2 protein chains.
Amino acid sequence: MFKLSKLTDYAVVVLVRLARQDGVQTSPGIAAATFIPEPTVAKVLKTLAGKGLVTSQRGAHGGYRLARPLAAIPVADVIAAIDGPIALTACVEGGSCESERLCPMHGRWDPVNEAIDAALHGITLADMDHAIPRAFREPAFVAHRDESGASAPEAVARL
Amino acid sequence: MFKLSKLTDYAVVVLVRLARQDGVQTSPGIAAATFIPEPTVAKVLKTLAGKGLVTSQRGAHGGYRLARPLAAIPVADVIAAIDGPIALTACVEGGSCESERLCPMHGRWDPVNEAIDAALHGITLADMDHAIPRAFREPAFVAHRDESGASAPEAVARL
DNA sequence: TCAATCAGGACCGCAGCGGTCCGAATGGTT
DNA sequence: AACCATTCGGACCGCTGCGGTCCTGATTGA
């Protein structure tokens with residue numbers, strides 16, 4: 001239904017979490033803080049590192065850190081990193097769908113693509129961070145979550 | 001990869017085709033003209049009729065016709081009709097993901113959703129129609145396609 | 001040398017999509 | 001009244017891709 005993948009959602013949460021504190025952070029640590037399963041966090045982090053959104057440091061006391069501040073990361077970059085290039089139709093992404101000259105669909109979705117691309121580039125992770133109710137960013141919230149216990153894993157994503 | 005369903009692409013093609021000529025048009029007829037498999041055309045038309053984008057007339061000499069002119073149909077409507085409501089994340093669509101008060105993701109994607117929604121409402125099918133190179137709308141093109149023969153069915157979509 | 005951590009795969013279950021088909025309802029036509 | 005063309009509303013199915021897990025290296029600090 002025109003929705004982006006859950007991994008992308010996770011990626012945003014992880015990136016925002018990385019921004020909360022400087023210095024490297026390990027994937028188990030982020031997993032614990034976000035209530036996202038650890039292997040999934042690792043997967044997301046690896047992908048993000050490959051796309052240059054985060055930098056990694058290997059070895060003992062290694063971890064990940066943000067490559068640039070949240071305000072310099074448009075959502076479009078995150079989506080592109082996880083879900084691949086933003087392309088509404090098959091025609092648009094791979095160049096010629098078969099024979100570019102013959103396909104009348106060619107170019108049809110271009111204006112739509114451009115509009116969405118522009119919209120996605122105009123919103124940074126900092127914007128999304130601010131969209132969260134302040135209450136959720138306070139320590140009290142985290143404590144409260146811990147009490148709730150068992151239901152945590154199925155939750156979509158947390159800070 | 002953040003792309004919309006092929007059915008939506010078909011829907012646009014079918015709607016544009018409907019606009020090419022007034023009076024009712026049967027789904028086999030549209031299928032022949034668009035090179036889209038007939039059952040699929042029928043399915044798309046049924047869905048569109050259910051959402052009020054086209055009107056249907058049953059019985060002999062029945063068929064479909066546009067409910068409103070192309071310029072009055074934003075792409076958003078077509079996408080919503082075929083793919084369901086535009087909602088980037090699970091949280092956004094169904095109301096509370098579980099416990100709205102506790103989920104810090106709540107509201108996070110809202111600005112992104114609104115931006116995309118606005119972009120999609122700003123483009124009508126008439127705009128998309130005009131984006132097609134004129135050459136493809138001329139009779140000569142259709143004749144040329146017919147010659148190409150066998151490869152037609154696999155083509156993404158045609159007028 | 002050892003432990004911690006990232007890297008890069010392989011792997012699998014499952015939902016959703018694209019696509020097809022069938023029976024029933026409907027309304028002209030003869 | 002009988003018939004036929006056409007839409008309607010499902011059921012159905014194979015397959016791709018996603019979410020999620022795991023395993024085996026490579027790298028670095030203690």
Side-chain angles (χ1 to χ4, degrees), chain A residues 1-11 13-14 18 23-32 34-65 67 79 82-84 87 89-90 93 153-157, chain B residues 1-11 13-14 18 23-32 34-52 54-65 79 81-84 87-90 93 153-157:
Chain A
M1 307 122 200
F2 203 63
K3 65 182 176 191
L4 43 80
S5 70
K6 216 183 285 185
L7 271 303
T8 306
D9 197 354
Y10 291 158
V13 179
V14 167
L18 275 177
V24 297
Q25 299 180 54
T26 70
S27 49
I30 298 177
T34 57
F35 294 90
I36 303 173
E38 195 275 327
T40 302
V41 171
K43 187 178 200 172
V44 168
L45 251 356
K46 276 183 283 191
T47 307
L48 293 177
K51 296 297 166 55
L53 285 179
V54 302
T55 61
S56 65
Q57 179 169 351
R58 309 178 67 157
H61 298 92
Y64 294 94
R65 76 160 44 107
I79 297 176
I82 303 289
D83 283 347
T89 63
E93 56 181 324
E154 58 176 73
V156 176
Chain B
M1 309 118 200
F2 202 64
K3 65 182 178 190
L4 44 79
S5 69
K6 215 184 285 185
L7 270 304
T8 305
D9 197 354
Y10 290 159
V13 178
V14 167
L18 274 177
V24 295
Q25 299 181 52
T26 71
S27 48
I30 298 176
T34 58
F35 294 91
I36 302 173
E38 195 274 329
T40 301
V41 171
K43 186 178 201 171
V44 169
L45 250 358
K46 276 183 282 191
T47 307
L48 293 177
K51 295 299 165 53
V54 302
T55 61
S56 65
Q57 179 170 352
R58 307 180 67 158
H61 297 94
Y64 294 92
R65 73 160 47 106
I79 296 177
I82 303 289
D83 283 346
L88 290 188
T89 64
E93 55 180 322
E154 59 176 69
V156 177

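In what follows, chains are A, B, ... by sequence order, proteins preceding strands, each numbered from 1. Keep in mind it's a predicted model, so treat the numbers as computed, not measured. All heavy atoms count here, side chains included; hydrogens, waters and symmetry mates do not.
Listed candidates were dT7(D), dG9(C), dG20(D). Nearest to the side chain of Lys46(A) is dG9(C). Nearest nucleotide to the side chain of His61(B), out of dG28(C), dT20(C), dT7(D): dG28(C). Closest approach to the Thr40(A) side chain among dC6(C), dT21(D), dG18(C) is made by dT21(D) (side chain taken as heavy atoms from C-beta onward). Of the candidate nucleotides dC6(C), dG29(D), dG18(C), dG29(D) has the atom nearest to the side chain of Gln57(A). Taking every side-chain heavy atom of Ala60(A) into account, dA4(C) is the closest of dC6(C), dA4(C), dT7(D).
What separates NZ of Lys51(A) from P of dA7(C) is a distance of 14 Å, to the nearest Å. Atom-to-atom, CG of Leu7(B) to P of dG19(C) comes out at 7 Å; the value is rounded to the nearest Å. Look at OH on Tyr10(B): it is 13 Å from C1' on dT20(C), rounded to the nearest Å. When the P atom of dC6(C) is taken as reference, atom NZ of Lys43(A) falls 17 Å away, rounded to whole Å. For the pair Tyr64(B) OH and dG27(C) P, the interatomic distance rounds to 14 Å; values are reported in whole Å. For the pair Phe35(A) CZ and dG20(D) C1', the interatomic distance rounds to 19 Å; values are reported in whole Å. When rounded to the nearest whole Å, the span between CD of Glu38(B) and P of dG18(C) equals 18 Å. As a whole-Å value, the separation of Asp83(A) CG from dC18(D) C1' is 10 Å.
In this model, the phosphate group of dT5(C) is not approached by any side-chain N or O of Ser27(A) to a distance below 4.0 Å at OP1 or OP2. Close to dA7(C), at under 4.0 Å from its OP1 or OP2, lies a side-chain N or O of Ser56(A).
Between the side chain of Arg58(A) and the base of dA4(C), no donor-acceptor pair of N or O atoms lies under 3.5 Å. Judged by atom type and distance alone, Lys6(A) does not reach the base of dG19(D) through any side-chain donor-acceptor pair under 3.5 Å.
Shown here for Ala11(A) and Leu48(A), the closest heavy-atom pair between the two residues is CB-CD1, 4.2 Å. Nearest heavy atoms, Thr47(B) versus Ala81(B): CG2-O, 3.5 Å. Shown here for Gln25(A) and Leu18(A), the closest heavy-atom pair between the two residues is NE2-O, 3.2 Å. Considering all non-hydrogen atoms of both residues, Asp83(B) and Ser5(B) come closest at OD1-OG, 2.6 Å. Nearest heavy-atom pair across Gly62(A) and Val24(A) is O-CG2, 3.7 Å.
Gly63(B) comes within 4.0 angstrom of sugar-phosphate atoms only, judged by non-hydrogen atoms across all strands, and of no base.
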